[in-house]
Amino acid sequence: MSRAYKISLILKSRSSLPVYKDLATLTERELDEQVVAMIRRMRSNESAVIARMVLRQPTFSLN
C-alpha cells in the first residue's frame, strides 16, 4: 500500500488519531501499525455483528 492510501484509510476510518497527530509526520512503520490496528478493529467489529445476525430461511422473488 502506498503512503497516501494508508493516510486516506486512516482519515476515512473513525479513528481519533488525526485529531491528535499530523499523519504526514508519521513514519512508515507507525502508519503500518495504525493500519494493522484499524483492520484488526474492523475484523473484530464485523465478527461480532455477524455472530448476532439472525439466520432466516432462504426465499426467492419473482421480480
### Query
Hey, does Lys6 have a side-chain heavy atom less than 4.5 Å from the side chain of Gln34?
no
### Query
Should Leu9 and Ile39 count as side-chain neighbours, where that means a heavy-atom distance under 4.5 Å?
no
### Summary
Residues Arg3 and Thr27: closest non-hydrogen pair is NH1-C, 4.0 Å
### Query
Is a side-chain donor or acceptor of Arg41 paired with a backbone partner of Val36 at a separation under 3.5 angstrom?
no
#### Entry: Set of residues satisfying side-chain hydrogen bond (donor to acceptor under 3.5 Å, both in side chains) with respect to Arg29, sequence neighbours excluded
Glu33
### Message
Rounded to the nearest 0.5 Å, what separates atom NZ in Lys21 from atom CD1 in Ile10?
### Response
10.5 Å
